[in-house]
Amino acid sequence: MAMDGELQIRALGRDEMALPLDWAAREGWNPGLRDAECFFATDGGGFLVGELAGEAIGTISAVRYGDAFGFIGFYIVRPDVRGRGYGMQLWRAAMERLAGRNVGLDGVVAQQANYAKSGFRLAHRNVRYQGTAVSEGSVLGQTPSRCEIVPMSEVALSDVAAYDRTVFPASREEFLAAWLPQLQAGAWAAVDANGVRGFVVVRPCRHGWKIGPLAADDLGVARQLYAAAAAHAGQGATLFLDVPEPNHAAVQLARELGMTPVFETARMYTGAAPQVELAKLFGVTSFELG
(Lines give C-alpha, C1' and ligand atoms only; values in the text may rest on other atoms or scores of the structure.)
Protein backbone atom coordinates (compact mmCIF):
# COMPACT_ATOMS: atom_id res chain seq x y z
CA MET A 1 0.00 0.00 0.00
CA ALA A 2 1.39 3.41 -0.98
CA MET A 3 1.95 5.78 1.91
CA ASP A 4 2.28 9.53 1.66
CA GLY A 5 1.74 12.54 3.86
CA GLU A 6 3.47 14.49 6.57
CA LEU A 7 5.76 12.56 8.88
CA GLN A 8 4.95 12.88 12.57
CA ILE A 9 7.87 12.27 14.93
CA ARG A 10 7.42 11.55 18.62
CA ALA A 11 9.13 9.79 21.50
CA LEU A 12 8.27 6.18 22.17
CA GLY A 13 6.77 5.22 25.52
CA ARG A 14 8.16 2.47 27.71
CA ASP A 15 5.50 0.00 26.53
CA GLU A 16 6.39 0.71 22.88
CA MET A 17 10.08 -0.13 23.09
CA ALA A 18 9.57 -3.51 21.44
CA LEU A 19 9.22 -1.71 18.11
CA PRO A 20 12.84 -0.60 17.54
CA LEU A 21 14.14 -3.85 19.02
CA ASP A 22 11.99 -5.97 16.71
CA TRP A 23 13.00 -3.91 13.70
CA ALA A 24 16.65 -4.17 14.71
CA ALA A 25 16.25 -7.94 14.91
CA ARG A 26 14.85 -7.99 11.37
CA GLU A 27 17.91 -6.04 10.22
CA GLY A 28 20.09 -8.80 11.69
CA TRP A 29 21.40 -6.74 14.62
CA ASN A 30 20.46 -9.42 17.18
CA PRO A 31 19.39 -7.30 20.18
CA GLY A 32 19.41 -8.60 23.73
CA LEU A 33 16.23 -10.02 25.22
CA ARG A 34 16.13 -7.33 27.95
CA ASP A 35 17.59 -4.44 26.02
CA ALA A 36 14.32 -2.51 25.77
CA GLU A 37 13.85 -1.85 29.47
CA CYS A 38 17.55 -1.14 30.05
CA PHE A 39 17.76 1.27 27.12
CA PHE A 40 14.61 3.15 28.14
CA ALA A 41 15.91 3.53 31.70
CA THR A 42 18.94 5.36 30.29
CA ASP A 43 16.99 8.15 28.58
CA GLY A 44 13.24 7.73 28.37
CA GLY A 45 12.82 10.49 25.80
CA GLY A 46 15.60 9.34 23.53
CA PHE A 47 13.80 6.81 21.33
CA LEU A 48 11.93 8.37 18.41
CA VAL A 49 9.44 6.97 15.94
CA GLY A 50 8.28 8.47 12.67
CA GLU A 51 4.64 7.85 11.74
CA LEU A 52 2.51 8.33 8.63
CA ALA A 53 -1.22 8.40 9.37
CA GLY A 54 -0.46 6.82 12.74
CA GLU A 55 1.57 3.95 11.28
CA ALA A 56 5.26 3.57 12.25
CA ILE A 57 7.62 3.80 9.29
CA GLY A 58 10.96 4.63 10.93
CA THR A 59 12.91 4.78 14.18
CA ILE A 60 16.02 6.42 15.56
CA SER A 61 17.47 6.87 19.03
CA ALA A 62 19.21 9.96 20.34
CA VAL A 63 20.31 9.10 23.86
CA ARG A 64 21.71 11.79 26.12
CA TYR A 65 24.51 11.07 28.57
CA GLY A 66 25.14 13.90 31.02
CA ASP A 67 25.37 17.39 29.53
CA ALA A 68 27.99 16.90 26.84
CA PHE A 69 27.67 13.53 25.10
CA GLY A 70 25.03 11.71 23.08
CA PHE A 71 24.72 8.59 20.96
CA ILE A 72 22.71 7.78 17.84
CA GLY A 73 21.30 4.31 17.19
CA PHE A 74 18.32 2.33 15.87
CA TYR A 75 18.32 4.34 12.64
CA ILE A 76 15.90 2.26 10.58
CA VAL A 77 13.38 3.17 7.92
CA ARG A 78 10.90 0.57 6.77
CA PRO A 79 12.04 -0.79 3.40
CA ASP A 80 8.82 0.01 1.55
CA VAL A 81 9.10 3.77 2.22
CA ARG A 82 12.82 4.29 1.84
CA GLY A 83 14.10 6.91 -0.56
CA ARG A 84 11.38 9.47 0.22
CA GLY A 85 13.25 11.67 2.67
CA TYR A 86 11.63 10.30 5.82
CA GLY A 87 14.93 8.99 7.12
CA MET A 88 16.50 12.44 6.83
CA GLN A 89 13.62 13.93 8.81
CA LEU A 90 14.20 11.40 11.58
CA TRP A 91 17.93 12.06 11.44
CA ARG A 92 17.45 15.81 11.83
CA ALA A 93 15.10 15.34 14.77
CA ALA A 94 17.62 13.10 16.51
CA MET A 95 20.53 15.46 15.92
CA GLU A 96 18.43 18.40 17.13
CA ARG A 97 17.78 16.54 20.37
CA LEU A 98 21.53 16.16 20.83
CA ALA A 99 22.45 19.69 19.72
CA GLY A 100 25.51 21.11 21.45
CA ARG A 101 26.92 17.69 22.39
CA ASN A 102 29.67 15.53 21.03
CA VAL A 103 27.63 12.82 19.31
CA GLY A 104 28.81 9.29 18.66
CA LEU A 105 27.49 6.42 16.58
CA ASP A 106 28.44 2.98 15.33
CA GLY A 107 27.56 3.09 11.65
CA VAL A 108 27.76 0.38 9.05
CA VAL A 109 30.88 0.93 7.00
CA ALA A 110 28.91 1.47 3.79
CA GLN A 111 27.26 4.57 5.31
CA GLN A 112 30.46 6.13 6.63
CA ALA A 113 30.63 8.70 3.82
CA ASN A 114 27.04 9.78 4.45
CA TYR A 115 27.70 10.27 8.16
CA ALA A 116 30.78 12.30 7.26
CA LYS A 117 28.51 14.70 5.36
CA SER A 118 26.72 15.35 8.66
CA GLY A 119 29.98 16.23 10.40
CA PHE A 120 30.95 12.84 11.82
CA ARG A 121 34.60 11.80 11.77
CA LEU A 122 35.96 8.27 11.98
CA ALA A 123 37.61 7.37 15.28
CA HIS A 124 38.18 3.63 14.80
CA ARG A 125 36.54 0.40 13.74
CA ASN A 126 34.66 -1.94 16.03
CA VAL A 127 34.69 -5.57 14.92
CA ARG A 128 32.10 -8.12 16.01
CA TYR A 129 33.60 -11.54 16.68
CA GLN A 130 31.56 -14.72 16.97
CA GLY A 131 32.56 -17.97 18.60
CA THR A 132 31.53 -20.65 21.05
CA ALA A 133 32.03 -20.58 24.79
CA VAL A 134 35.18 -22.41 25.82
CA SER A 135 35.93 -23.97 29.17
CA GLU A 136 37.36 -21.94 32.01
CA GLY A 137 40.48 -24.04 32.25
CA SER A 138 41.49 -23.56 28.63
CA VAL A 139 41.26 -19.79 29.04
CA LEU A 140 42.85 -19.31 32.44
CA GLY A 141 45.61 -21.78 31.72
CA GLN A 142 47.22 -19.09 29.60
CA THR A 143 47.64 -16.55 32.39
CA PRO A 144 48.18 -16.53 36.14
CA SER A 145 45.12 -15.53 38.17
CA ARG A 146 45.76 -12.18 39.83
CA CYS A 147 42.26 -10.91 40.60
CA GLU A 148 39.28 -12.31 42.41
CA ILE A 149 36.19 -12.56 40.21
CA VAL A 150 33.10 -11.73 42.26
CA PRO A 151 29.40 -11.35 41.44
CA MET A 152 28.48 -7.77 40.67
CA SER A 153 26.14 -7.72 43.67
CA GLU A 154 29.22 -7.74 45.92
CA VAL A 155 30.62 -4.51 44.47
CA ALA A 156 29.34 -0.97 44.94
CA LEU A 157 27.67 0.44 41.83
CA SER A 158 29.64 3.65 42.27
CA ASP A 159 32.93 1.73 42.07
CA VAL A 160 31.88 -0.04 38.87
CA ALA A 161 30.62 3.22 37.39
CA ALA A 162 33.94 4.89 38.17
CA TYR A 163 35.79 2.14 36.32
CA ASP A 164 33.33 2.31 33.44
CA ARG A 165 34.00 6.03 33.11
CA THR A 166 37.59 5.22 32.09
CA VAL A 167 36.32 3.42 28.97
CA PHE A 168 33.14 5.37 28.15
CA PRO A 169 32.90 9.05 27.18
CA ALA A 170 30.43 10.02 29.94
CA SER A 171 29.11 8.93 33.29
CA ARG A 172 26.26 6.43 32.85
CA GLU A 173 25.41 5.17 36.32
CA GLU A 174 21.65 5.16 35.54
CA PHE A 175 22.27 2.85 32.60
CA LEU A 176 24.52 0.54 34.60
CA ALA A 177 21.95 0.34 37.40
CA ALA A 178 19.59 -1.30 34.88
CA TRP A 179 22.16 -3.14 32.77
CA LEU A 180 24.12 -5.00 35.44
CA PRO A 181 21.25 -6.86 37.18
CA GLN A 182 19.08 -7.56 34.11
CA LEU A 183 17.25 -10.88 34.16
CA GLN A 184 19.10 -13.93 32.80
CA ALA A 185 22.32 -11.96 32.36
CA GLY A 186 25.52 -12.53 34.29
CA ALA A 187 27.71 -9.74 35.65
CA TRP A 188 31.03 -9.95 37.48
CA ALA A 189 33.78 -7.65 38.64
CA ALA A 190 37.50 -8.33 38.93
CA VAL A 191 38.85 -6.97 42.21
CA ASP A 192 42.10 -6.92 44.12
CA ALA A 193 43.40 -5.07 47.16
CA ASN A 194 43.28 -1.80 45.22
CA GLY A 195 39.67 -2.10 44.08
CA VAL A 196 37.91 -2.83 40.77
CA ARG A 197 40.22 -3.94 37.97
CA GLY A 198 37.56 -4.76 35.41
CA PHE A 199 34.02 -5.99 34.89
CA VAL A 200 31.89 -7.90 32.41
CA VAL A 201 28.24 -8.44 31.49
CA VAL A 202 26.95 -11.30 29.32
CA ARG A 203 23.31 -11.23 28.22
CA PRO A 204 21.05 -13.51 26.18
CA CYS A 205 20.08 -12.23 22.73
CA ARG A 206 17.70 -13.31 20.00
CA HIS A 207 20.57 -15.56 18.93
CA GLY A 208 23.29 -16.59 21.36
CA TRP A 209 24.82 -14.31 23.97
CA LYS A 210 26.62 -10.97 23.77
CA ILE A 211 29.48 -10.03 26.06
CA GLY A 212 29.53 -6.31 26.74
CA PRO A 213 30.95 -4.40 28.25
CA LEU A 214 34.15 -6.30 28.90
CA ALA A 215 36.58 -3.87 30.51
CA ALA A 216 39.82 -4.88 32.18
CA ASP A 217 43.20 -3.54 33.21
CA ASP A 218 44.96 -6.01 30.93
CA LEU A 219 44.63 -9.19 28.90
CA GLY A 220 45.06 -11.46 31.90
CA VAL A 221 42.14 -9.90 33.77
CA ALA A 222 40.07 -9.90 30.57
CA ARG A 223 40.62 -13.66 30.27
CA GLN A 224 39.38 -14.19 33.82
CA LEU A 225 36.26 -12.14 33.19
CA TYR A 226 35.61 -13.87 29.87
CA ALA A 227 35.80 -17.22 31.66
CA ALA A 228 33.06 -16.15 34.07
CA ALA A 229 30.88 -14.91 31.21
CA ALA A 230 31.39 -18.06 29.15
CA ALA A 231 30.57 -20.29 32.10
CA HIS A 232 27.30 -18.41 32.61
CA ALA A 233 26.33 -18.81 28.95
CA GLY A 234 27.26 -22.49 29.07
CA GLN A 235 29.82 -24.67 27.31
CA GLY A 236 29.32 -24.49 23.54
CA ALA A 237 27.00 -21.46 23.62
CA THR A 238 27.32 -18.96 20.77
CA LEU A 239 29.05 -15.80 21.98
CA PHE A 240 29.54 -12.39 20.38
CA LEU A 241 32.20 -9.88 21.40
CA ASP A 242 32.40 -6.40 19.85
CA VAL A 243 36.07 -5.44 19.88
CA PRO A 244 37.53 -1.94 19.35
CA GLU A 245 40.17 -2.64 16.73
CA PRO A 246 42.86 -0.33 18.21
CA ASN A 247 42.97 -2.53 21.33
CA HIS A 248 45.40 -5.15 20.02
CA ALA A 249 45.12 -7.20 23.21
CA ALA A 250 41.36 -7.43 22.70
CA VAL A 251 41.87 -8.63 19.13
CA GLN A 252 44.37 -11.18 20.48
CA LEU A 253 41.83 -12.41 23.03
CA ALA A 254 39.15 -12.90 20.39
CA ARG A 255 41.53 -14.81 18.16
CA GLU A 256 42.92 -17.06 20.89
CA LEU A 257 39.33 -17.95 21.78
CA GLY A 258 38.78 -19.11 18.21
CA MET A 259 36.33 -16.32 17.44
CA THR A 260 35.96 -15.02 13.88
CA PRO A 261 34.93 -11.57 12.56
CA VAL A 262 31.34 -11.43 11.30
CA PHE A 263 30.51 -7.71 11.19
CA GLU A 264 32.09 -4.32 11.72
CA THR A 265 31.07 -0.74 12.37
CA ALA A 266 32.67 2.66 12.05
CA ARG A 267 32.78 4.43 15.42
CA MET A 268 32.40 8.09 14.57
CA TYR A 269 32.00 11.35 16.50
CA THR A 270 30.97 14.88 15.61
CA GLY A 271 33.68 16.25 17.89
CA ALA A 272 37.09 15.06 18.92
CA ALA A 273 37.35 11.38 19.81
CA PRO A 274 36.74 11.19 23.58
CA GLN A 275 39.71 10.59 25.84
CA VAL A 276 38.93 7.06 26.95
CA GLU A 277 41.32 4.20 27.73
CA LEU A 278 40.68 1.94 24.75
CA ALA A 279 43.44 -0.36 25.97
CA LYS A 280 41.06 -1.34 28.79
CA LEU A 281 38.01 -1.85 26.56
CA PHE A 282 37.89 -5.46 25.36
CA GLY A 283 34.20 -5.51 24.49
CA VAL A 284 31.86 -2.63 23.56
CA THR A 285 28.60 -2.48 25.52
CA SER A 286 26.22 -1.97 22.60
CA PHE A 287 26.36 -0.65 19.05
CA GLU A 288 23.01 1.06 19.77
CA LEU A 289 23.97 2.96 22.94
CA GLY A 290 27.76 3.02 22.81
Side-chain angles (χ1 to χ4, degrees), residues 24-25 27-32 35 61 71-76 103-116 120-134 138-139 142-143 164 166-169 179 198-230 233 237-269 273-290:
E27 294 290 324
W29 299 351
N30 192 28
D35 284 2
S61 61
F71 206 86
I72 294 285
F74 289 110
Y75 187 26
I76 306 169
V103 181
L105 59 77
D106 274 308
V108 295
V109 175
Q111 293 298 320
Q112 183 176 329
N114 288 332
Y115 293 130
F120 284 80
R121 293 188 291 274
L122 178 67
H124 59 82
R125 293 197 312 161
N126 288 322
V127 181
R128 173 162 294 168
Y129 284 84
Q130 177 180 340
T132 56
V134 299
S138 64
V139 178
Q142 302 178 53
T143 185
D164 180 70
T166 68
V167 297
F168 192 76
W179 193 251
F199 73 104
V200 67
V201 177
V202 59
R203 73 194 197 279
C205 297
R206 304 287 177 100
H207 171 59
W209 298 71
K210 286 182 183 176
I211 297 175
L214 172 54
D217 277 6
D218 55 43
L219 178 57
V221 177
R223 288 191 184 112
Q224 291 180 265
L225 289 165
Y226 166 86
T238 299
L239 295 179
F240 299 93
L241 182 67
D242 297 335
V243 173
E245 193 175 47
N247 185 346
H248 301 301
V251 174
Q252 177 184 337
L253 175 64
R255 289 174 176 170
E256 71 183 28
L257 293 170
M259 305 181 89
T260 56
V262 293
F263 182 66
E264 67 179 68
T265 67
R267 173 59 64 92
M268 306 179 78
Y269 298 99
Q275 296 299 304
V276 297
E277 298 182 51
L278 277 181
K280 290 183 177 181
L281 186 58
F282 288 77
V284 175
T285 304
S286 157
F287 286 160
E288 292 77 35
L289 262 69

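All residue numbers refer to positions in the sequence shown, counting from 1.
- The heavy-atom pair separating A24 from P31 by the smallest distance is C-CD, 4.3 Å.
- The list of salt bridge (Lys or Arg N to Asp or Glu O under 4.0 Å) pairs with a residue in residues 242-253, not counting sequence neighbours, reads R125-E245, R128-D242.
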Sequence neighbours excluded and cut-off under 3.5 Å, please list the side-chain donor-acceptor pairs for residues 198-212, or say none.
{"residue": "R203", "atom": "NE", "partner": "D35", "partner atom": "OD1", "Å": "2.8"}
{"residue": "R203", "atom": "NH2", "partner": "D35", "partner atom": "OD2", "Å": "3.1"}
{"residue": "R206", "atom": "NH2", "partner": "D22", "partner atom": "OD1", "Å": "2.9"}
{"residue": "K210", "atom": "NZ", "partner": "W29", "partner atom": "O", "Å": "3.1"}
{"residue": "K210", "atom": "NZ", "partner": "N30", "partner atom": "O", "Å": "2.8"}

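- Under the 4.5 Å side-chain criterion, counting only non-hydrogen atoms from C-beta, L239 is in contact with Y226.
- Looking at F287 and F263, their side chains come closer than 4.5 Å, going by heavy atoms from C-beta outward.
- Residues T166 and K280 share a closest heavy-atom pair of OG1-CD, 4.0 Å.
- The nearest pair of heavy atoms linking A222 to A216 is N-CB, 3.5 Å.
- Using a 4.5 Å heavy-atom threshold, the side chains of L241 and F282 count as separate.
- Within the model, atoms CD1 of I76 and CD of E27 stand 5.0 Å from one another, a figure rounded to the nearest 0.5 Å.
- Closest non-hydrogen pair, F74 versus S61, comes out as CD1-OG, 3.6 Å.
- For L225 against A215, the heavy-atom pair with the smallest separation is CD1-O, 3.5 Å.
- Nearest heavy atoms, A254 versus V243: CB-CG2, 4.4 Å.
- Side-chain contact between P213 and W179: present, with at least one pair of heavy atoms (C-beta onward) separated by less than 4.5 Å.
- Screening V127, L105, D106 for a side-chain contact (heavy atoms from CB on, under 4.5 Å) involving T265 leaves a single residue, D106.
- With rounding to the nearest 0.5 Å, the separation of CD in E264 from OH in Y129 is 9.5 Å.
- At distances below 3.5 Å, at least one donor-acceptor pair connects side-chain atoms of N247 with backbone N or O atoms of L278.
- Rounded to the nearest 0.5 Å, atoms CE (M268) and CZ (F120) are 7.5 Å apart.
- Note that the CG atom of L219 and the NE2 atom of H248 stand 13.5 Å from one another [nearest 0.5 Å].
- Each of V221, T285, L253, V284 was checked for a side-chain contact (heavy atoms from CB on, under 4.5 Å) with L214, and the lone residue meeting it is L253.
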